[in-house]
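Before any comments, here is the structure.
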Amino acid sequence: MTAAGPGGTGTVRFVADAVVPCDAPGSVLRPGAVEVAGGRVAAVGPVSALREQGADDVREVVVSGALLPGLVNTHCHSPMTLFRGTGENLPLLRWLQEVLWPREARLEADDVYWGMTLAAAELLCFGVTTTCEMYFHEDAVADAVLAAGTRCVITPAVLQLPGAEADGPWWSASLAAIADFHDRRHGEDGRIEVGFGPHAAWTVPLPGLIEVAEEAQRRDALFHLHLAETSDEDAAFVAEHGGSVPRVLADNGVLDGRVLAAHSIWLSDEDLDVYAAHDVAVAHCPQSNAKLASGMAPVAELLRRGVRVGLGTDGPASNNDLDLWEEVRLAAMVARLRERDAAALPAAAALDLATRGAGAALGSPGLGVLAPGSPADMIAVRLDDPAFVPLLDDAMLVEHLVWSASSRLVTDVWVAGERVVEAGRCVTVDVERARAEVDARARRLATPG
């Protein structure tokens with residue numbers, strides 16, 4: 001990973017006009033400081049206190065603006081930068097079956113590498129330092145992540161694309177490949193986590209879901225699937241098995257491990273009880289759900305029941321960008337519309353869904369916070385902008401971050417203490433080459449052949 005920041009060894013103290021550590025909703029230090037050593041946060045606190053306690057050899061870096069933890073995107077298919085803008089104005093199932101899957105069936109590993117590379121630059125410039133990816137050609141995804149200097153939970157997709165054939169249960173080959181990938185690359189460079197990504201209950205038969213879940217549970221790996229995204233996607237499953245997908249999956253042990261359910265819109269009260277009882281986490285993707293007219297997830301109710309919830313952008317072919325700041329604002333708006341309550345999801349709680357709450361949803365409570373021991377993934381946000389005027393108290397700073405600021409104010413980003421974005425430019429990716437590669441490959445994939 002290219003380093004363009006503090007570098008060297010020892011402790012570096014980042015001194016900022018404000019620190020929003022996101023260790024608890026609404027917490028603010030003005031001014032504040034974060035000390036980093038060995039790629040992790042060593043201390044967070046008021047500047048004067050850390051200066052008094054620190055050693056003489058601590059090096060200071062002055063940050064103009066506010067320091068926040070890197071944002072965490074809990075559900076994405078980032079290499080779909082290759083398919084941005086395709087199949088517009090179609091509902092989810094038609095878009096998948098008529099446009100996306102036929103093109104994905106023709107993907108090569110290099111296509112995925114460049115699609116992920118371009119996405120990584122976009123994500124980093126938006127202040128997103130961790131994503132949870134469900135996609136194919138997982139080694140290419142991992143290679144791109146490591147080269148770009150970002151952090152990723154990779155859950156290779158278990159899905160039978162058009163034209164694919166297999167002897168016996170088709171998912172067995174995918175399962176064996178993912179297990180091998182886990183053995184080879186889980187924990188690589190401290191920035192790769194490997195899980196399992198069975199697409200959904202309407203695309204992977206119940207025996208396949210059970211087998212994948214058992215393998216994930218043996219490895220204490222994340223089991224990541226789409227669940228209850230549209231109102232009628234699971235009709236055939238319910239007719240065959242006599243119960244809702246959450247209920248049947250729970251009864252068959254599928255929800256016994258670390259489970260992340262993307263979307264989770266169409267849930268009954270019983271389904272919500274199942275989520276809470278089995279500690280199923282949710283990746284909430286309000287912008288994709290709105291664009292595809294899929295519905296509004298019951299986020300306020302999920303939070304009331306103690307369900308872990310994080311925000312996701314979904315893929316850039318159904319969103320169509322990777323800007324998690326937009327999801328923060330829209331999540332609060334959608335929750336208020338659904339609940340008909342202007343206080344349903346306060347600004348601090350909405351920001352929490354992209355930081356601490358997102359890390360918790362992935363089963364990685366150190367992500368999305370600035371606290372001793374957490375990864376030193378940080379973003380700097382300009383405060384000298386009209387979006388932050390007036391700034392009368394600490395609570396108003398958080399309100400402005402959610403309601404009037406945006407990704408355009410992110411200036412610098414660090415992952416494990418190394419700078420990956422400087423003055424708004426990603427310094428780890430040749431963005432012009434990545435753009436050209438993705439454009440050329442997207443044109444090839446769009447041409448039937």
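In this chain, residues are counted from 1 in sequence order.
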Exercise. Which ring pair (Phe, Tyr, Trp, His ring centres under 6.0 Å) pairs, counting each pair once, include a residue from residues 174-199, with sequence neighbours left out?
Worked result: Trp101-His199, His182-His186, His199-Trp202, His199-His226
Problem set entry | Where Thr81 and Gly115 come nearest, the two heavy atoms and their spacing | OG1-O, 2.8 Å
For this session: Could you tell me whether Trp266 atom CH2 has more than 12 heavy atoms of other residues or ligands within 6.0 Å of it?
Result: no
Exercise. Does the side chain of Tyr135 come under 3.5 Å of the side chain of Glu104 through a donor N or O and an acceptor N or O?
Worked result: yes
For this session: Would you indicate whether the side-chain heavy atoms of Arg433 and Trp114 approach each other to under 4.5 Å?
Result: yes
For this session: Would you give the length of the straight line joining atom OG1 of Thr130 to atom CG of Leu367, rounded to the nearest 0.5 angstrom?
Result: 4.5 Å
Exercise. Atom CD in Gln97, atom CG in Leu90: separation rounded to 0.5 Å?
Worked result: 11.0 Å
Problem set entry | Check: Arg308 side chain, Asp279 main-chain N or O, donor-acceptor pair, under 3.5 Å | yes
Exercise. Is it true that Arg219 and Asp183 make a salt bridge, defined as a side-chain N closer than 4.0 Å to a carboxylate O?
Worked result: yes
Seminar exercise, completed: Of all heavy-atom pairs linking Thr313 and Ser288, the shortest is O-CB, 4.1 Å
For this session: Decide yes or no on side chain to side chain contact (heavy atoms under 4.5 Å, CB included) for Leu161 and Phe136, but give the supporting numbers first.
Result: CA-CA 10 Å; Leu161 292 171; Phe136 313 99; 3.8 Å; yes
Exercise. Sub-3.5 Å donor-acceptor pair from the side chain of Trp414 to the main-chain atoms of Gly39, do we have one?
Worked result: no
Exercise. Do Cys285 and His263 have side chains that get closer than 4.5 Å, going by heavy atoms?
Worked result: yes
Exercise. Tell me, do His278 and Asp256 make a side-chain contact under 4.5 Å, heavy atoms counted?
Worked result: yes
Exercise. Do the side chain of Glu233 and the main chain of Leu92 share a donor and acceptor less than 3.5 angstrom apart?
Worked result: no
Seminar exercise, completed: Shortest non-hydrogen pair, Pro156 vs Ile154, comes out as CD-O, 3.4 Å
Exercise. Among Glu138, Glu133, His224, His75, whose side chain to side chain donor-acceptor pair (under 3.5 Å) with Thr155 holds?
Worked result: His224
Exercise. In Å and rounded to the nearest 0.5 Å, what is the CG to OG distance from Leu123 to Ser407?
Worked result: 11.0 Å
For this session: Take Val410 and Phe126 through the test side chain to side chain contact (heavy atoms under 4.5 Å, CB included) and record every step on the way to the result.
Result: CA-CA 6 Å; Val410 175; Phe126 290 154; over 6 Å; no
Problem set entry | Glu422/Arg425 ion pair, N-O < 4.0 Å | no
Problem set entry | Heavy-atom side-chain proximity of Gln287 to Asp321 below 4.5 angstrom | yes
Exercise. Taking 4.0 angstrom as the limit, do Arg441 and Glu108 come out as a salt bridge?
Worked result: no
Exercise. Any sub-3.5 Å donor-acceptor pair from Asp314's side-chain atoms to Cys76's backbone N or O?
Worked result: no
Problem set entry | Sidechain N-carboxylate O distance under 4.0 Å for Asp17, Arg382 | no
Problem set entry | Passing option when Asn319 is tested against Arg84, Glu326, Lys291, Glu327 for side chain to side chain donor-acceptor pair (under 3.5 Å) | Glu327
Exercise. Counting distance only, does the side-chain N/O of Thr411 pair as donor-acceptor with the main-chain N or O of Val381 below 3.5 Å?
Worked result: no
For this session: Could you check Leu397 against Leu383 for side chain to side chain contact (heavy atoms under 4.5 Å, CB included), going step by step and ending with a plain yes or no?
Result: CA-CA 9 Å; Leu397 174 60; Leu383 297 180; 3.8 Å; yes
Exercise. Looking at side-chain heavy atoms only, is the closest gap between Trp170 and Val158 below 4.5 Å?
Worked result: yes
For this session: Go through the steps for Val44 and Asp23 under the test side chain to side chain contact (heavy atoms under 4.5 Å, CB included), then give the verdict.
Result: CA-CA 11 Å; Val44 180; Asp23 53 347; over 6 Å; no
For this session: Examine distances only and state if a side-chain atom of Arg106 and a backbone atom of Arg444 form a donor-acceptor pair shorter than 3.5 Å.
Result: yes
Problem set entry | Any Asp143 side-chain heavy atom under 4.5 Å of Arg185 side chain | yes
Problem set entry | Spacing of Leu71 atom CG and Leu322 atom CG [to the nearest 0.5 Å] | 12.5 Å
For this session: Would you check if the side chain of His137 reaches a backbone N or O of Leu107 as a donor-acceptor pair within less than 3.5 Å?
Result: yes
For this session: Salt-bridge test for Arg435 and Glu122: reply yes if a basic N is under 4.0 Å from a carboxylate O, no otherwise.
Result: no
Exercise. Does Arg40 use its side chain to pair, donor to acceptor, with the backbone of Gly373 at less than 3.5 Å?
Worked result: yes
Problem set entry | Heavy-atom donor-acceptor pair, Arg103 side chain to Phe83 backbone, under 3.5 Å | no
Problem set entry | Sidechain-backbone polar pair: Asp377 side chain, Val415 backbone, donor-acceptor under 3.5 Å | no
Problem set entry | Electrostatic pair Arg184:Asp139 at N-O distance under 4.0 angstrom | yes
Problem set entry | Min side-chain heavy-atom separation Val274-Val280 under 4.5 Å | no
Exercise. Can you name the nearest heavy-atom pair linking Ala148 to Thr428, along with the distance?
Worked result: O-OG1, 2.6 Å
For this session: Please tell me if the side chains of Leu100 and Met80 come closer than 4.5 Å, counting only heavy atoms from C-beta onward.
Result: yes
Exercise. Is the shortest side-chain N to carboxylate O distance from Arg258 to Glu193 below 4.0 Å?
Worked result: yes
Exercise. So with a 6.0 Å cut-off around CZ of Arg443, is the heavy-atom count from everything else above 12?
Worked result: no
Exercise. What are the two closest non-hydrogen atoms of Thr129 and Leu124, and how far apart are they?
Worked result: CA-CD2, 4.3 Å
Exercise. Which value, rounded to the nearest 0.5 Å, describes the distance between Tyr275 atom OH and Leu272 atom CG?
Worked result: 8.5 Å
Exercise. Which heavy atom of Pro246 sits nearest a heavy atom of Leu267, and at what distance?
Worked result: CG-CD2, 4.3 Å
